[in-house]
Amino acid sequence: MKIAEIFKNKGKTVFSFEVFPPKKTSPIESVYSKLEEICTYGPDFVSVTYGAGGTGSHSRTCEIASKVKNNFGVEAVAHLTCVNSTKQDIDENLKDLRAHGIENILALRGDYTEGVEPKNEFLYASDLCTYIKSKGDFDIGGACYPEVHTEAKDEVEDVLNLKKKVDSGAEHLISQLFFDNSVFYRFIERTKIAGINVPIEAGIMPVTNKSQIERMVLMCGASLPAKFSKIMQKYENNPDALRDAGIAYAVEQIVDLIANGADGIHLYTMNNPYVAKKISEAVKNLL
Ligand code: FAD
């Protein structure tokens with residue numbers, strides 16, 4: 001089923017998960033049992049990242065997305081980046097996705113990799129949206145940034161670029177992670193002013209260990225509210241307490257987002273079935 005249909009049919013907050021393929025050095029089967037369990041916790045769909053954090057490339061994304069959809073019985077979205085791809089590469093990726101019955105794509109530009117010359121056939125995710133749209137009947141999603149994309153001059157420029165992505169075919173959006181809901185609500189106001197009327201899911205990352213926080217903040221520049229930093233500092237040397245506090249914080253964010261009418265919650269599960277289970281159980285009666 002197309003993700004746009006899920007938003008239309010559900011009529012209330014959509015609940016979805018993100019998972020990632022294993023590192024190239026690990027066999028792909030090494031994540032199957034975790035992902036199978038994660039899929040039992042009731043997501044409306046599961047998205048599978050593409051080559052993020054050195055985890056490999058398209059074939060693994062496609063294979064995991066196919067497993068999610070065809071074996072674990074949950075609708076799947078394959079992430080697809082274009083910065084290092086030619087049109088011919090993308091044609092092959094689309095062919096592969098079609099062959100595996102995947103009909104939903106999260107169209108991304110991707111980050112520039114040091115030492116790798118970008119192919120320059122797609123400059124922005126909106127170029128990829130236009131291209132995918134011209135090629136066939138895929139549902140297309142896009143990424144968005146409540147705290148502004150790191151390369152954008154300011155929030156006005158960023159939201160106007162986001163509008164171009166929606167006009168190029170992105171039918172729904174998933175946000176970068178954030179820890180302060182008021183940042184998300186201000187972003188939603190900006191999208192409304194810019195005339196963006198597609199569903200926007202809030203990206204929620206339950207923080208379960210100290211190095212994860214440091215890495216995330218470095219990578220995406222998410223601001224940390226004082227309340228969040230206090231909790232993390234207090235429990236940084238107690239892994240079980242930090243994990244439970246991270247889950248509780250994420251649940252509190254999600255409850256507030258649902259109460260404020262968020263179109264969707266996209267949970268960054270980090271392939272962790274325990275976290276997916278605890279959060280799903282805590283919010284299932286609210287969805
Ligand atoms: P774009 O939408 O192209 O935006 C990139 C920058 O260009 C922004 O600053 C934007 O304001 C600007 N811009 C956009 N269009 C125009 C235009 N027409 N003219 C001028 N400027 C423009 N990375 C991965 O490698 N693999 C993944 O699986 C992955 N999944 C992600 C999932 C989510 C939900 C999110 C939020 C991010 C994900 N990323 C992933 C990271 C993403 O690839 C990076 O953030 C990347 O830097 C930008 O990708 P984008 O698709 O948002 O780019």
Side-chain angles (χ1 to χ4, degrees), residues 1 3 5-22 30-49 52 64-79 104 106 141 146 172-181 184 199-209 212-213 216 222 228 231-232 235 239-287:
M1 183 189 275
I3 302 304
E5 287 297 311
I6 294 181
F7 278 103
K8 265 189 220 138
N9 295 345
K10 193 148 184 199
K12 51 185 180 172
T13 307
V14 163
F15 187 53
S16 58
F17 293 166
E18 181 186 282
V19 301
F20 52 81
S30 63
V31 294
Y32 284 172
S33 67
K34 281 184 185 172
L35 299 191
E36 185 166 18
E37 185 182 341
I38 285 172
C39 285
T40 64
Y41 297 128
D44 291 304
F45 68 88
V46 169
S47 83
V48 185
T49 65
I64 300 271
S66 169
K67 203 79 190 165
V68 165
K69 177 167 177 160
N70 301 313
N71 296 81
F72 306 153
V74 177
E75 193 47 72
V77 173
H79 295 205
N104 301 296
L106 189 72
H172 44 89
L173 301 167
I174 302 179
S175 93
Q176 182 59 280
L177 62 95
F178 58 89
F179 299 106
D180 180 351
N181 286 2
F184 184 74
I200 301 179
E201 286 195 89
I204 296 296
M205 162 85 67
V207 171
T208 53
N209 66 64
Q212 184 194 353
I213 314 168
M216 287 305 146
F228 178 87
I231 297 171
M232 297 301 135
Y235 302 117
D240 287 351
L242 185 63
R243 182 198 60 200
D244 290 353
I247 290 173
Y249 191 92
V251 168
E252 198 183 314
Q253 272 192 285
I254 295 171
V255 172
D256 180 65
L257 286 160
I258 296 173
N260 279 281
D263 297 321
I265 306 294
H266 194 64
L267 188 69
Y268 294 105
T269 69
M270 306 297 292
N271 289 4
N272 185 329
Y274 179 86
V275 170
K277 178 174 192 273
K278 288 286 169 193
I279 293 186
S280 303
E281 281 174 356
V283 303
K284 69 170 188 275
N285 293 330
L286 315 180
L287 292 162

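Nothing here was measured: the structure is a model prediction, and the numbers come from that model. Note that these values count all heavy atoms, side chains included, but never hydrogens, waters or copies made by symmetry.
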Between Met232 and Leu242, is a side chain to side chain contact (heavy atoms under 4.5 Å, CB included) present by the stated rule, with each step listed?
CA-CA 7 Å; Met232 297 301 135; Leu242 185 63; 3.4 Å; yes

Among Val31, Asn272, Val46, whose side chain to side chain contact (heavy atoms under 4.5 Å, CB included) with Val19 holds?
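Running side chain to side chain contact (heavy atoms under 4.5 Å, CB included) over Val31, Asn272, Val46 with Val19 returns exactly one hit, Val46.
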
Do the side chains of [Y] and [X] get nearer than 4.5 Å, heavy atoms only?
| X | Y | result |
| --- | --- | --- |
| Val207 | Phe179 | yes |
| Pro21 | Val48 | yes |
| Pro206 | Val251 | no |
| Leu35 | Lys67 | no |

Are more than 12 heavy atoms, taken from residues, nucleotides or ligands other than Tyr235, located less than 6.0 Å from that residue's OH atom?
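No, OH of Tyr235 has 12 or fewer neighbouring heavy atoms, counting only those of other groups under 6.0 Å.
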
Inspect the surroundings of NZ in Lys34 and state if more than 12 heavy atoms from other residues, nucleotides or ligands are less than 6.0 Å away.
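At most 12 heavy atoms, drawn from other residues, nucleotides or ligands, come within 6.0 Å of this atom.
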
If you apply the rule side chain to side chain contact (heavy atoms under 4.5 Å, CB included), what do you find for Phe184 with Gln253, and how did you get there?
CA-CA 11 Å; Phe184 184 74; Gln253 272 192 285; over 6 Å; no

Keeping [X] on the side-chain end and [Y] on the backbone end, is there a donor-acceptor pair under 3.5 Å?
| X | Y | result |
| --- | --- | --- |
| Asn104 | Ile3 | yes |
| Glu201 | His172 | no |
| Gln212 | Thr208 | yes |

Between [X] and [Y], which heavy-atom pair has the shortest distance, and what is it?
| X | Y | value |
| --- | --- | --- |
| Leu286 | Ile258 | O-CG2, 3.7 Å |
| Gly141 | Leu106 | C-CD1, 3.5 Å |
| Ala250 | Ile279 | CB-CD1, 3.9 Å |
| Ser280 | Phe15 | OG-CE2, 3.6 Å |
| Val74 | Phe45 | CG1-CA, 3.9 Å |
| Pro273 | Ile38 | CA-CG1, 3.7 Å |

Can you measure from [atom1] ([X]) to [atom2] ([Y]) and round to the nearest 0.5 angstrom?
| X | Y | atom1 | atom2 | answer |
| --- | --- | --- | --- | --- |
| Glu281 | Ile247 | CD | CD1 | 10.5 Å |
| Asn181 | Asp256 | CG | CG | 4.5 Å |
| Phe17 | Asp44 | CZ | CG | 9.5 Å |

Donor-acceptor contacts, no H, no angles, side chain residues 261-270, under 3.5 Å, sequence neighbours left out:
| residue | atom | partner | partner atom | Å |
| --- | --- | --- | --- | --- |
| Asp263 | OD2 | Ile200 | N | 2.9 |
| His266 | ND1 | Ser16 | OG | 2.6 |
| His266 | NE2 | Ser47 | OG | 3.1 |
| Tyr268 | OH | Ser175 | O | 2.8 |
| Thr269 | OG1 | Glu18 | O | 2.8 |
| Thr269 | OG1 | Asn271 | N | 3.1 |

Side chain to side chain contact (heavy atoms under 4.5 Å, CB included) between Phe228 and Asp180, worked out:
CA-CA 9 Å; Phe228 178 87; Asp180 180 351; over 6 Å; no

